[in-house]
Structures are given as structure tokens and as C-alpha cells.
J.: 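Here it is, the structure in full.
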Amino acid sequence: MKLKLQINQVIKDAFFKAGIDEEPMSVTNATKSAFGDYQFNGAMALSKKLSKNPREIASQIIESLDLSGILCKAEIAGPGFINLWMNPLWIAEQCQIALGDERLDIGKTKTPNRVVVDYSGPNMAKQMHVGHLRSTIIGDTLASLLTFLGDEVIRQNHIGDWGTQFGMLIAYLEEIGEDGSVSLKDLEQFYKDAKGRFDVDPSFADKAREYVVKIQSGDSHCLELWQKFIDISLGHCEEIYEKLSVNLTREDVRAESFYNDELPKVVADLASNGTLKESNGAQCVFLEGDEIPVIVQKGDGGYLYATTDLAALRYRAKTLEAKRISYVVDARQAGHFKQVFRVAKESGFVGEDVHLEHVGFGTMMDKNGKPFKTRDGGTVKLIDLLDEAVVKAKETIKNKEDYSDSEINALAKIIGIGAVKYADLSINRESNYIFNWDKMLSFEGNTSLYMQYAYARIQSIFRKYDDEIKGEIIIGDDLEHRLALMLLRFEDVLTRAARDASPHQITSYLYELATLFMRFYEQNPILKSDVDEETKMSRLLLANLTAKTIKQGLALLGIEVVDKL
RNA sequence: GCACUCAUGGCUCAGCUGGAUAGAGCAUCGGUUUGCGGUACCGAAGGUCUCAGGUUCGAAUCCUGAUGGGUGUACCA
């Protein structure tokens, strides 16, 4: 249900009927319920243009407004606000349509785009750490959301599998022999051990450097070892994806090395474009207004991050034919992407009609507002963080006596992982956020547990009432009106969240919805004996749609719900 | 130095292309139950939206400047 679009259409019709030859601005949500459901503020803005009193314009619009369908009441207020009330019969009807539809009456876009979402991007030489969390889950949410709304999404996991460090790792892998997979279990330790050998043993170091050259020249033995290393390392990442319910598979991997053959071509094409300049021995692109150039080839002939990104951009635009390419990467790389995007467009690697965006996000901080680290100052491994979340979640539910151990474990996973994800996704991605176990595992406030609790509470209603629900939604009071209307807003929220690549808009909505339901439920009994049948049915239907909306919303965030908590 | 970014009650955060008396949660204080899941709900108190100008009928939101944090700043990714 594209709610706003429909209301805007009614306004537009009124403009036409009133003979106002202007494009009306969009209605906005009413700032408070006394002002109706929606408000139109365009009369003030038109005042100067039409040289008329805004209230006069407002009344002119209202006179032409159709109040027999979607809307049922309109009032002028203050300097020229038009407050709009939705028709409860229409709202009820639309809710029923949503209830009868698997997709909750959320349409697929008529103009689907092919979108590349680049996210996660772990480094194969190291374990995933907390820094990878945000990219992984924000990216996955964006991908799911766009898919749900009808776009054709291509996930791209741009893993770091190339560079000098791999020579060292492979040399070490060969040294310890064929059962390397065992010692690779702790990648961090493996890396440290390899580094240790590298630092103390010059012959090992030489061998490592030799390997780098060998890999790059395509030596089959070295490539085999390298491949083995990548496979194992990727396997570790996949364990994490599994835990996080993130939909990334091997099919989605387009590693750095994938673009190797393209790198010389990127430089050659830039050279033939005439955009390339040599500076201090390096091949650079100087952008107008930028002091710092984009270096695409080092003095020693090696290629850089920017070169690979240009190759990847070209691949995504030309081969994959994407019209929107979203990079879910740390905000600190904003400068880099700004430059690379410009080079890609100016050199024609990417067409003018392709929308390139850097979906940046802030850093995870500890309670004191400092970057999140372990006690000894090291980076926190993502796997440890997730395991701890499950342990902590278990503590909060351990007093449940009617659950078996395996049920508790399953529940703890859903709750713990959900809490970490929700806490992250519920905050405006662009700002840094403070990581706080107590807050995220609380049942109070805008948390996953509050949402899951609300859902489970509704399910418990349906455990008590498992008959057929026959009847229809009747909007009986203000709370029902607001709840029903909130339910219809779902698609508008999703569309905007997708446009802005902003998952927190979904969580804000869901929280508002859940709070509204709790208030509704508190005041409006459903299964109590003094509730007449018609009202009971109507409220059951509203409860059901609320539960479905919460479930769908959380599903898009990759968070599960449970019937019993 | 330059560039980017952020600044909203004690704390953590919203604020939807500028709109009416700036909203939540936590913490504080008070209330609701023979309770359809009280891990809930209701209420109170708490903010000159960092500061100073400007644009506008109208600014937390846009512009300029200042202050304070964060980040980036050519051969790492």
C-alpha cells in the first residue's frame, strides 16, 4: 500500500479541480493526532506565487477535495495548514487487503533496477573483526530490502585475497605441511605465527617474497596453496554469515584477484583517454579541485586499491549492467570513493545513468566513546562477539523452567544475534554508535527483545484462540484508527529506507508500531468474556496484521521471531 | 594547514525532501493488576536543539562564521 502516493493523488486532483496549475508538495505525517492523520503544508508555499492569502488558498483546495474515499475530513488550521483525516472505513478495508496478501499488499516496483550491493569484504589473511559487522549486516539488509521491493540485486563480496601478505602466509602454510587446515582454525594465530617466522628467519622471509612473485606470475603450485588458504579462510567467514543469517554465498564472491587481469587495461585505458599523468614516478589521475591525485600505478609498477576499484566499477557497470551500485563501506573511506567514482564517470568506465553511492557507516565505540577493543587493546574478533551475545542472551532467559536445554540454546541464538544486529541497524548508520550489552539485551526501549516480545505476545493470543477468524476490521476508537493507519504505512517506510539505504528507519517504524499495539492491547481487550463477537474478530485481525508486519520487518533485517519467548 | 563529518534533556537515540507547543527509551519520582504474557501500560519532571549572524511567512533542519569532537590527507587495503 503506497499510502502517501494515494493521498497525494487526492490533493493533486483537488488542485486540478480548483484550477491551481501547480505541482503540490507531498503531504507529511501529522505532527500530532489532534491535527489529523496527515497534513498538507503547500498552501503557505504557494501564497507568494499566487499572491493570495494562504488560508484562502487552503480553503480553495479543501472545497475541491474529495472527502468521500480515502479522506473523510479536512480542516484549515493556523496560517494555512490543511489537516487531513483518513476515512476509517477505507483504512479498515485496506488492512484487510493487506491481511489477505502474502506480501502484505506491498507492491514490487514497476521499474526494477539492477543493483549491485558491495558489502562485507573480509580480508582473507585475518579473522573477521567487529569492524566487519556493520558492513555485513547493513549491506545484507539493503540487499534483502531491494529484492523484496522488486529490484534485481547482485550481491558482491569483494574479499581481500591479494597482496604481499599472502606470500608470507603461503610460505608458512607449506612449511607446516598438508594438515594446514587444522592450524588454520585460529587464523589470527596462524597469521601471528607466520609473521613471527617472517620477522626472525631471513630465509623464510626471502621465501615469502619469492612466493609473492610466484603467485603473481601464476605458478601453479603456489596458486594451489593460495587457493587452499582462501578456501579455508572463506569457510570461516561463512560460519559467521551462517550465525548472522546473512545471505552471502560463494557465488557472491568477486575477490580482488578476480580483477587482476583488468588492472593493466584500466591504466592503459586511462592513458589513452589522456587523463593519466606521471607524478613522482607514479601513474596518477588528477581531478579538478582535488589536491591529491588518484594513483593507479605505483612507481614500481604495482597496482593499488583504486585501480582494483575502478576495474570492479567497470565490471559492475558494463558486464553486470547495474544501474545502481552501492558500496557499504566504513565512512572513513568517503574520500576514496568520491574520487574513484569521479574517475569512473569522467573516464566513461561507468555510464552517466548509473547511480554510484557510498553507503558509509560510523565506528563501533565502547561505553566510554572510544573505539571498541579487547581489554588488551586488540581488535575484537567478530566470532567472539557473537558467541558472547549468545551466552549473555542465555543468562537473560535461564530462569525459564518450561524449556529444555536445546530449546534454550536455540532461543539464545535467536535472541543474542538478533540483539546485536538490531542494536546496530537501529542507529542512523552514518554516526558512530556506542556498543552496550545491557542496553541491547534489554526488553525495554527500542530493542529486538521488545519487538520479539510484542510478537510472541500476539502469538499467545492465537494460541488461546485457534478458531477460524471470520468477520472484518471495524475501526472503533482512536487507538485502533492509529494502529491500522500505522500498519498501512509499512510500504512507505520500506521504500524510503531502501532509497536512503537506511535500515534504522525500519526499526523506528517497527518500534512505533509495537508500542502502539501494546497500548491498543492494554486498552482494548480481545479475548475477555465481555467483548462482543464482532469486536473480538476485528481486534484479532488487527493483532494478526500487526504480528505479520513485525515479522516481515524483522525478516528484512535478518532477525528471527519466536512464537514463545 | 586543507578537506569531509558530527554537535538535540543526566545517558543512549529519533526528528521523513523547512512547518504548528522539538519526540522516544534508560535513569529519577508517582500511578495502574482477582493480570487475554506486568519483560506491559499510564503519568510527572527534565531541552533557549553548541554559539553568533543570515535566508524565509516559518529553521533542530538551508547558508556563512566561530567553538568543540571524530575522520581523511599520493604510491596499504
Side-chain angles (χ1 to χ4, degrees), chain A residues 4 25-26 28-32 34-35 39 41-42 44-45 47-48 54 77-81 83 121 123 125 158 160 162-165 256 279-284 286 289-300 302-306 308-309 330-336 338 360 362-363 365 367 369 371 396-397 426-428 430-434 436 438-439 442-447 449-450 452-454 456-461 463-465 492-493 496-497 499-500 502 504-505 507-509 511-512 515 518-519 521-529 531 536 539 543 564-565:
Chain A
K4 243 179 208 176
M25 64 191 274
S26 173
T28 58
N29 295 355
T31 47
K32 53 168 76 177
F35 296 155
Q39 54 179 279
N41 303 325
M44 277 93 73
S47 168
K48 197 170 255 178
F81 297 103
N83 295 334
N123 188 327
H158 191 82
W162 207 245
T164 48
Q165 55 201 338
E256 276 182 318
S279 174
N280 297 329
Q283 296 300 320
C284 308
F286 285 88
D290 279 7
E291 280 180 41
I292 302 146
V294 179
I295 303 180
V296 292
Q297 191 170 23
K298 296 195 277 188
D300 67 4
Y303 302 104
L304 291 133
Y305 184 30
T308 313
D309 268 339
D330 194 299
R332 281 175 285 203
Q333 293 189 35
H336 164 78
K338 205 171 171 187
T363 312
M365 305 296 212
K367 270 185 181 173
T396 69
I397 54 169
S426 62
I427 284 165
N428 175 1
E430 295 185 62
S431 50
N432 295 343
Y433 85 99
I434 295 182
N436 183 333
D438 294 338
K439 202 182 140 197
S442 164
F443 279 89
E444 290 163 343
N446 187 9
T447 66
L449 273 172
Y450 182 87
Q452 287 165 331
Y453 174 75
R457 210 174 161 187
I458 296 173
Q459 294 316 304
S460 120
I461 300 171
R463 270 196 297 280
K464 289 214 161 57
Y465 182 91
D492 285 347
V493 171
R496 208 164 72 91
R499 187 197 65 194
D500 301 343
S502 200
H504 89 279
Q505 292 177 15
T507 60
S508 292
Y509 166 81
Y511 180 59
E512 233 180 298
T515 325
M518 290 286 202
R519 293 177 60 191
Y521 190 39
E522 203 75 26
Q523 278 189 33
N524 301 24
I526 297 180
L527 297 182
K528 290 188 181 170
S529 54
V531 181
K536 185 198 280 183
R539 289 177 182 169
K564 277 175 79 177
L565 200 60

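None of these values were measured; they are calculated from a predicted model. All heavy atoms count here, side chains included; hydrogens, waters and symmetry mates do not. To find a chain, count down the sequence lines: A is the first, B the second, and so on, and within it residues start at 1.
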J.: What distance, rounded to whole Å, do you find between the two C1' atoms, one in B:rC42 and one in B:rU48?
T.: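 Their C1' atoms lie roughly 30 Å apart.
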J.: Would you state whether a donor and an acceptor, one from the side chain of A:Asn83 and one from the base of B:rA20, lie under 3.5 Å apart?
T.: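 For A:Asn83, whose side chain was compared with the base of B:rA20, there is a donor-acceptor pair (under 3.5 Å).
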J.: If I take atom CZ in residue A:Arg463 and atom C1' in nucleotide B:rG37, what distance separates them, rounded to the nearest angstrom?
T.: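 Distance check: A:Arg463 CZ to B:rG37 C1' gives 9 Å.
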J.: Grab the CD1-P distance between A:Ile295 and B:rA74 for me, whole Å please.
T.: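 Distance check: A:Ile295 CD1 to B:rA74 P gives 8 Å.
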J.: Need the pair for B:rU33. Rule: Watson-Crick or G-U wobble, both distances under 3.5 Å, any strand; none if unpaired.
T.: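 Partner of B:rU33: none.
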J.: If you compare all heavy atoms of A:Val493 against all heavy atoms of A:Gln505, which two are closest, and at what distance to 0.1 Å?
T.: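 The pair with the smallest heavy-atom distance is CG1-O, 3.5 Å.
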J.: Whole-Å distance between B:rA3 C1' and A:His336 NE2?
T.: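 Spelled out: NE2 on A:His336 to C1' on B:rA3 is 17 Å.
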J.: Go through it in stages, so that I can follow the logic: the residues are A:Tyr511 and A:Ser426, the test is side chain to side chain contact (heavy atoms under 4.5 Å, CB included), and I'd like the CA-CA distance, side-chain angles, deciding distance and then a yes or no.
T.: CA-CA 10 Å; A:Tyr511 180 59; A:Ser426 62; over 6 Å; no
J.: Scan A:Asn280 against the nucleic acid and name what it touches under 4.0 Å (heavy atoms): base, sugar-phosphate only, or nothing.
T.: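 Contact class for A:Asn280: base.
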J.: For the residue pair A:Tyr303 and A:Val296, what are the closest heavy atoms and their distance?
T.: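 Smallest heavy-atom distance, with atoms named: CD2-O, 3.6 Å.
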J.: Under a 3.5 Å limit for both distances, which nucleotide forms a Watson-Crick or G-U wobble pair with B:rC4, could you say?
T.: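 B:rC4 is paired, partner B:rG70.
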J.: Base, sugar-phosphate, or nothing for A:Lys48, non-hydrogen atoms under 4.0 angstrom?
T.: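 Sugar-phosphate contact only - A:Lys48 comes under 4.0 Å of backbone atoms but never of a base.
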J.: Which nucleotide sits closest to the side chain of A:Glu444: B:rA20, B:rA27, B:rC36?
T.: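 Minimum distance to the A:Glu444 side chain belongs to B:rA27.
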J.: When the nearest nucleotide of RNA chain B is assigned to A:Lys367 and to A:Asn29 on a heavy-atom basis, which residue is associated with the more 5' position?
T.: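 Closer to the 5' end of RNA chain B: A:Lys367.
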J.: Now, which nucleotide makes the Watson-Crick or G-U wobble pair with B:rG23, with each of the two distances under 3.5 Å?
T.: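 With both distances under 3.5 Å, B:rG23 matches B:rC13.
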J.: Rounded to whole angstrom units, what separation is found between the OH atom of A:Tyr511 and the P atom of B:rU12?
T.: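 Rounding to the nearest Å, OH of A:Tyr511 and P of B:rU12 are 17 Å apart.
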J.: NA contact type, A:Leu565, heavy-atom cut-off 4.0 Å: base, sugar-phosphate, or nothing?
T.: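 Result for A:Leu565 = base.
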J.: Contact between A:Lys439 and A:Thr447 at the side-chain level, heavy atoms closer than 4.5 Å - yes or no?
T.: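 A side-chain contact is absent here, since even the closest heavy-atom pair is not under 4.5 Å.
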J.: Can a donor-acceptor pair be found, under 3.5 Å and without considering hydrogens, that links the side chain of A:Ser508 to the backbone of A:His504?
T.: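 Checking the backbone N and O of A:His504 against the side chain of A:Ser508, a donor-acceptor pair under 3.5 Å is found.
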J.: If I pick the C1' atom on B:rG65 and the same atom on B:rA7, what distance separates them, to the nearest angstrom?
T.: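 That atom pair is separated by 16 Å.
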J.: Between atom OH in A:Tyr521 and atom P in B:rU33, what is the gap in whole Å?
T.: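 For the pair A:Tyr521 OH and B:rU33 P, the rounded distance is 18 Å.
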J.: Evaluate A:Asn123 against A:Gln165 for side chain to side chain contact (heavy atoms under 4.5 Å, CB included), listing each step before the verdict.
T.: CA-CA 11 Å; A:Asn123 188 327; A:Gln165 55 201 338; 3.7 Å; yes
J.: On a whole-Å scale, what distance lies between the P atoms belonging to B:rC16 and B:rU50?
T.: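 Nearest-Å result for B:rC16 against B:rU50 at atom P: 15 Å.
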J.: Closest approach to the side chain of A:Lys439, judged atom by atom: which nucleotide of B:rA20, B:rU71, B:rU12 is it?
T.: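 It is B:rU12.
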J.: With a 4.5 Å limit on heavy-atom distance, are the side chains of A:Lys4 and A:Asn29 in contact?
T.: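 Yes, at least one pair of side-chain atoms sits under 4.5 Å.
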J.: Of the listed nucleotides (B:rA74, B:rA14, B:rC42), which one gets closest to any side-chain atom of A:Ser431?
T.: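 Given the options B:rA74, B:rA14, B:rC42, the side chain of A:Ser431 is closest to B:rA14.
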J.: Among the nucleotides B:rC36, B:rC13, B:rA74, which one has an atom lying closest to any side-chain atom of A:Ile427?
T.: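 Nucleotide nearest to A:Ile427's side chain: B:rC13.
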J.: Could you tell me the separation between the OG atom of A:Ser502 and the CD1 atom of A:Ile427, rounded to the nearest 0.5 Å?
T.: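 Interatomic distance, A:Ser502 OG to A:Ile427 CD1, rounded to 0.5 Å: 12.0 Å.
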J.: Using a 4.0 Å heavy-atom cut-off, does A:Asn446 contact any base of the nucleic acid, only the sugar-phosphate backbone, or nothing at all?
T.: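 Here A:Asn446 touches no strand at all.
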J.: Determine the contact category for A:Met518: base if any of its heavy atoms lies under 4.0 Å from a base atom, sugar-phosphate if only primed atoms, P, OP1 or OP2 are that close, otherwise nothing.
T.: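 The residue A:Met518 makes sugar-phosphate contact but no base contact.
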J.: Expressed in whole Å, how much space separates the P atoms belonging to B:rU17 and B:rG53?
T.: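 That atom pair is separated by 28 Å.
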J.: Report which part of the nucleic acid A:Gln333 touches: base, sugar-phosphate, or nothing (heavy-atom distance under 4.0 Å, all strands).
T.: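 It contacts base atoms.
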J.: Quantified in whole Å, what is the C1' atom distance between nucleotide B:rU56 and nucleotide B:rA60?
T.: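 16 Å, rounded to whole Å.
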J.: Any base atoms under 4.0 Å from A:Ser26, or only sugar-phosphate, or nothing? Heavy atoms, all strands.
T.: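 Here A:Ser26 touches the bases of the nucleic acid.
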J.: Nearest heavy atom decides the nucleotide; on that basis, is A:Glu522 or A:Ala456 closer to the 5' end of RNA chain B?
T.: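 Looking at RNA chain B, the more 5' nearest nucleotide goes with A:Ala456.
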J.: How many Å lie between OH on A:Tyr509 and P on B:rA24, as a whole number?
T.: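 Rounded to whole Å, this separation is 18 Å.
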J.: Do A:Ser279 side-chain and B:rA74 base share a donor-acceptor contact under 3.5 Å?
T.: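 Between B:rA74 and A:Ser279, which were checked side chain against base, a qualifying N/O pair under 3.5 Å is present.
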J.: I would like to know whether A:Tyr450 and A:Thr515 meet side chain to side chain contact (heavy atoms under 4.5 Å, CB included); could you show each step before the answer?
T.: CA-CA 9 Å; A:Tyr450 182 87; A:Thr515 325; 4.0 Å; yes
J.: Between B:rC36, B:rC16, B:rC42, which nucleotide gets closest to the side-chain atoms of A:Arg519?
T.: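 Shortest atom-to-atom distance from the side chain points to B:rC42.
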J.: For a quick check of understanding: with a heavy-atom distance under 4.0 Å over all strands, which category does A:Gln39 fall into, base, sugar-phosphate or nothing?
T.: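 Base, at least one base atom sits under 4.0 Å.
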J.: Quick one: label A:Phe35 by what it contacts on the DNA or RNA (base, sugar-phosphate, nothing), any heavy atom closer than 4.0 Å.
T.: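 The residue A:Phe35 makes base contact.
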J.: By the 4.0 Å heavy-atom rule, please label A:Ser460 as base, sugar-phosphate, or nothing.
T.: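 Answer is base: heavy atoms of A:Ser460 come under 4.0 Å of a base.
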J.: For B:rU5 and B:rG9, measure between their C1' atoms and round to the nearest Å.
T.: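 It works out to 24 Å between them.
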J.: Rounded to the nearest angstrom, tell me the gap between atom NZ in A:Lys338 and atom P in B:rA74.
T.: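 Result: 17 Å.
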J.: Can you see if the side chain of A:Arg457 gets near the phosphate of B:rC36 - specifically, an N or O under 4.0 Å from OP1 or OP2?
T.: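 It does not, given that no N or O in the side chain of A:Arg457 lies less than 4.0 Å from OP1 or OP2 of B:rC36.
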J.: Using a cut-off of less than 4.0 Å, is there contact between a side-chain N or O of A:His504 and OP1 or OP2 of B:rC16?
T.: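 Result: no.
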J.: Heavy atoms only, 4.0 Å cut-off, all strands: where does A:Ala282 land among base, sugar-phosphate and nothing?
T.: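 Contact class for A:Ala282: base.
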J.: Name the nucleic acid region contacted by A:Gly160, choosing base, sugar-phosphate or nothing; use a 4.0 angstrom heavy-atom cut-off, strictly under.
T.: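 Here A:Gly160 touches no strand at all.
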J.: Using a 5.5 Å cut-off between ring centres and planes within 30 degrees, is A:Tyr453 stacked on the base of B:rG37?
T.: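 Ring-base stacking flag not set for A:Tyr453 and B:rG37.
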J.: Suppose you measure atom P in B:rC29 against the same atom in B:rC6; what distance do you get, rounded to whole Å?
T.: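 The answer is 37 Å between these two P atoms.
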J.: Determine whether A:Ile461 and A:Tyr521 satisfy the following criterion, side chain to side chain contact (heavy atoms under 4.5 Å, CB included), listing intermediate values before the conclusion.
T.: CA-CA 11 Å; A:Ile461 300 171; A:Tyr521 190 39; 3.3 Å; yes
J.: Counting only Watson-Crick pairs (N1-N3 plus N6-O4 or O6-N4) and G-U wobbles (N1-O2, O6-N3), all under 3.5 Å, who is the partner of B:rU48?
T.: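 For B:rU48, the partner nucleotide comes out as none, under the 3.5 Å rule.
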J.: Determine the Euclidean distance between corresponding P atoms of B:rA20 and B:rG1; express it in Å to zero decimal places.
T.: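 So the two P atoms sit 40 Å from each other.
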J.: Who does B:rU56 pair with, Watson-Crick or G-U, both distances under 3.5 Å?
T.: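 The answer is none; no pair meets the criterion.
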J.: Considering every strand and a 4.0 Å limit on heavy-atom distances, what is the contact class for A:Ile526: base, sugar-phosphate, or nothing?
T.: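 Base, at least one base heavy atom under 4.0 Å.
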J.: Taking any heavy-atom pair under 4.0 Å as a contact, classify A:Pro79: base, sugar-phosphate, or nothing.
T.: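 Nothing, no heavy atom under 4.0 Å.
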J.: Within this structure, what is the CH2-to-P distance between A:Trp162 and B:rC76, rounded to whole angstrom?
T.: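 My rounded result for the distance is 17 Å.
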